[in-house]
**Q** 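Next up is a structure, given as structure tokens.
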Amino acid sequence: MFKLRFRNPLTRMKLNRQLILLFLILVSPVFVLNLYANNQAESILKRHVTNAYMELNKQNHILINRDIDTVNRVMSTIIVNPNVQQLQAGAEDVYDRLKVYETADKLLPTFTMGTSGGDSIAYYLYVYDPLQKYSFAPQTSSKFRNGGVFFYSDLNKPSWADEAISRKGRGFLMIIDGIGTGRSQTLAYIRAVNSTISGKLIVGVLVASNMDKKIEQSLNSVSLPDNGEMFLTDYDNTILASTVHDSMGEKLDLPPSMVVGTKNENTTDDIYKDYIYVQHADYEIKQKLVYRISAASMLRQQSEVKHAIQLISVAYSLFAIIVMAYFWRSLLFPLQKLAGFARVYEPGRKVPTEVIDRNDEVGVLIHSVYNMARRLNVLIQEQYVLDIKQKEAQLQLLYQQINPHLLYNTLESIYWKSMLEGNSDSAEMIKELSKLMRISLSRGRELITLQEELEHATAYTLLQQKRYEYEFQVRWETDEEALTSLIPKISLQPLIENAIIHGVRNMGEDGAIVVRMLRQEDEVVVQVEDNGYKPIDHEALNRMIREPRLEDRSGYGVHNVHERIQLHFGEVYGIHYSMPQSGGTLVTIHLPFRPKEEKPNAADAG
């Protein structure tokens, strides 16, 4: 049966021409969606941003009420004070009344609280004295800035005293004449002082001045865009405190929907005269916190986000609905298949051998990626073999360098011992030397146990002690469990040698070397510590052993040990120099805990 085959004409086009066609299809609907977005996004953004400021307003009002509550608690402390309560009783003796007055007058300034701008909240106690038993006390004046005790009778009663008494101990905010502030007006928190003996008796009225400064401090902690304004008002819209200078006592112009406060706690918003108003009203305390923000500035700051959302929605919706089905077989399906291969590909993984029967850029790309993966497999295999050979060569070279270096140092020790004492101890030193040579050869093994390394280091140390006539002390602290772990052979000898030569050689019996071998979970820590008195730059030593080794630079033996440890166990292990608390030098070797009987598996070998 004859089968009609249809070849996608887009596969004959270059990819750039396909993208041009895609662009022409996308461009016309974009204008329609942009028009819709411009009409709807403004109101959506305005609502979302306003909701955020409504929540901020509510939390800000809660913080202000907490500040007021703090002042109220201080007042409660003052009210229950015995000296304050005694003022109402009025002792018969003038001296006793004077003493009570003096004590209370000194008490109130101790509760003064500072605010920003140098002002402070001061407490003033107005005691009701109808019989004028305290006529000797001074009258209230602006000079009493830190608070104090004053007395009033029915003839000179403050205008706000009756309202405070009528509230029966509940405090309230009120704008009054600026007592003790140096200003014409101040926002005060006022509360009646009842007798603790008889609740029907009134001691007087307690006033906290400069509350407007305290509230302004809380308001200034909130940042609104383009210098947005904040107002704390009463239910008559009289400004009690605000971020606008010299506005206290004025009437705030609010949207009609906010002029009358609600009869419960509520947060509302409105747009009025090019401003966004956000209000939180609390009916219980008859207060409102109002934010006034420029609507144009807020929306201007959100314009970039609005445009970005529009562009993203247009691109994704049109691409998914209109173009996806048409270009699936010619463009997306091959690219998805190629992306799937790239996502799961690992070096050495088999590469598909299918024939790519297309001549456009997608076909060239698929063919190139497959060929690149094949070449990468070959290169990685070659590099892997080369790395193994290179590490083997480096290890062999390092071990070839060790024996002449050790032999030279040991023979030099025997030479000096023979020169100083004759040949009396030569036999014993040669015995220790034979032990050194036996462990150094280790039957061709590159890794030996810490137990064997400990014997090697002990033999070397005995030789050095005989050379210096046992002038320095050596202490060995070993963990039996750690002694079964493997270490590159001849690792401790260069460290002990440095501790002797650069540390304790000239210290006599005061010199001490401590060698520790400890197991810490999956690691083994080997430490060589000396109490040498010479100043050592430990950071310079750490840099030296981690930099490429130069032929003419000192520190050959330690650098050799550090390189061998990293070649065997990885770059996270090696040698580190530091200074112990008692002074001297502490050399620490970090090794993985690897017992002698442990055999590497195939994965580790690879």
Side-chain angles (χ1 to χ4, degrees), residues 53 56-75 113-117 119-124 158-164 166-167 170-192 205-222 224 227-255 258-263 265-268 275 277-293:
Y53 281 112
L56 178 63
N57 183 294
K58 182 179 179 180
Q59 297 301 322
N60 196 188
H61 204 176
I62 292 174
L63 292 177
I64 292 173
N65 288 335
R66 287 180 182 174
D67 291 338
I68 297 174
D69 186 60
T70 300
V71 174
N72 189 60
R73 288 197 300 269
V74 173
M75 284 187 168
M113 294 187 297
T115 63
S116 61
D119 296 305
S120 60
I121 297 177
Y123 295 89
Y124 299 86
S159 59
W160 32 261
D162 288 337
E163 183 176 354
S166 66
R167 290 178 179 257
R170 290 186 296 117
F172 64 98
L173 291 175
M174 184 177 183
I175 299 175
I176 65 174
D177 293 338
I179 54 172
T181 64
R183 298 182 292 150
S184 60
Q185 287 184 324
T186 183
L187 179 64
Y189 185 74
I190 305 173
R191 179 178 171 183
V205 180
L206 189 58
V207 179
S209 64
N210 286 327
M211 289 298 295
D212 52 320
K213 299 298 181 181
K214 183 65 175 177
I215 294 173
E216 288 173 9
Q217 182 178 343
S218 298
L219 294 177
N220 288 327
S221 65
V222 177
L224 298 181
N227 299 319
E229 300 166 341
M230 292 171 277
F231 305 89
L232 180 68
T233 73
D234 58 17
Y235 262 40
D236 292 330
N237 301 321
T238 301
I239 299 175
L240 303 178
S242 74
T243 57
V244 179
H245 185 64
D246 290 338
S247 61
M248 185 174 62
E250 298 178 357
K251 290 290 185 178
L252 180 61
D253 183 21
L254 291 174
M258 296 182 178
V259 171
V260 179
T262 58
K263 291 188 177 182
E265 185 175 354
N266 191 21
T267 305
T268 57
Y275 285 97
Y277 286 82
V278 179
Q279 172 183 279
H280 179 260
D282 192 336
Y283 179 76
E284 182 179 354
I285 58 177
K286 298 295 191 300
Q287 290 176 10
K288 297 190 291 186
L289 181 61
V290 180
Y291 286 176
R292 186 165 65 186
I293 309 166

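Computed from a prediction, not measured in an experiment: that's the story for all the values here.
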**Q** Below 4.5 Å, heavy atoms only, C-beta onward: do I215 and L240 meet side chain to side chain?
**A** no

**Q** State, with a plain yes or no, whether a side-chain heavy atom of T243 is found less than 4.5 Å away from one of L224.
**A** no

**Q** What distance do N266 atom CG and M258 atom CE have between them, rounded to the nearest 0.5 Å?
**A** 9.5 Å

**Q** Distance from N60 atom CG to Y291 atom OH, nearest 0.5 Å?
**A** 3.5 Å

**Q** Search all heavy atoms of Y235 against all heavy atoms of D282 and return the closest pair with its distance.
**A** OH-C, 3.5 Å

**Q** For T186 and S209, which I'm curious about, is there any donor-acceptor pair between the side chains at under 3.5 Å?
**A** no

**Q** Please examine the side chains of V278 and L56, heavy atoms only from C-beta on, and report whether any two atoms are closer than 4.5 Å.
**A** no

**Q** Working to the nearest 0.5 Å, report the span between OH of Y277 and CG of L252.
**A** 6.5 Å

**Q** Please report the interatomic distance CG(L232) to CD(E216), rounded to the nearest 0.5 Å.
**A** 10.0 Å

**Q** State, yes or no, whether a side-chain contact exists between Q279 and T268 at a heavy-atom distance under 4.5 Å.
**A** yes

**Q** Run T233 and K288 through side chain to side chain contact (heavy atoms under 4.5 Å, CB included) and show every step you take.
**A** CA-CA 5 Å; T233 73; K288 297 190 291 186; 3.6 Å; yes

**Q** Give a yes or no answer on whether the side chain of N237 reaches the backbone of K251 with a donor-acceptor pair at less than 3.5 Å.
**A** no

**Q** Begin from the C-alpha positions of I68 and I285 and carry the test side chain to side chain contact (heavy atoms under 4.5 Å, CB included) through to its verdict.
**A** CA-CA 11 Å; I68 297 174; I285 58 177; 5.9 Å; no

**Q** Would you check if V71 and K214 make a side-chain contact, meaning some heavy-atom pair closer than 4.5 Å?
**A** no

**Q** Checking D236 now: which residues fulfil salt bridge (charged side-chain N to carboxylate O under 4.0 Å, His left out) with it, not counting sequence neighbours?
**A** none

**Q** Would you call L173 and K286 a side-chain contact if the rule is heavy atoms closer than 4.5 Å?
**A** no

**Q** Just how far is it from atom CZ of R170 to atom CG of N72, taken to the nearest 0.5 Å?
**A** 11.0 Å

**Q** Drop me the distance from D253's CG to F231's CZ, to the nearest 0.5 angstrom.
**A** 10.0 Å

**Q** Please report the closest heavy-atom contact between Y123 and M75, naming both atoms and the distance.
**A** CE2-CG, 4.0 Å

**Q** Going through the checks in order, is the side chain to side chain contact (heavy atoms under 4.5 Å, CB included) test met by M174 and E163?
**A** CA-CA 10 Å; M174 184 177 183; E163 183 176 354; 4.1 Å; yes

**Q** How close do V205 and A164 get, heavy atom to heavy atom, and via which atoms?
**A** CG1-CB, 3.9 Å

**Q** Mind listing the closest non-hydrogen atom pair of N210 and S120 along with its distance?
**A** ND2-O, 2.7 Å

**Q** Identify the heavy atoms of L219 and M230 that sit nearest to each other, and give their distance.
**A** O-CE, 3.0 Å

**Q** Exactly one of I190, I175, D177 should register a side-chain contact (heavy atoms from CB on, under 4.5 Å) with W160. Which one does?
**A** I190

**Q** What heavy-atom pair brings A241 and L187 nearest, and what distance separates the two atoms?
**A** CB-CD2, 4.5 Å

**Q** Take atom OH of Y275 as the centre, draw a 6.0 Å sphere, and report whether it contains more than 12 heavy atoms from other residues, nucleotides or ligands.
**A** no

**Q** Is it true that, when you exclude N227 itself, more than 12 heavy atoms of the residues, nucleotides or ligands shown sit nearer than 6.0 Å to its CG?
**A** no

**Q** S218 and L63: side chain to side chain contact (heavy atoms under 4.5 Å, CB included), yes or no, with the steps?
**A** CA-CA 7 Å; S218 298; L63 292 177; 5.5 Å; no

**Q** Just by distance, no angles: are the side chains of H280 and E265 close enough, under 3.5 Å, to form a donor-acceptor pair?
**A** yes

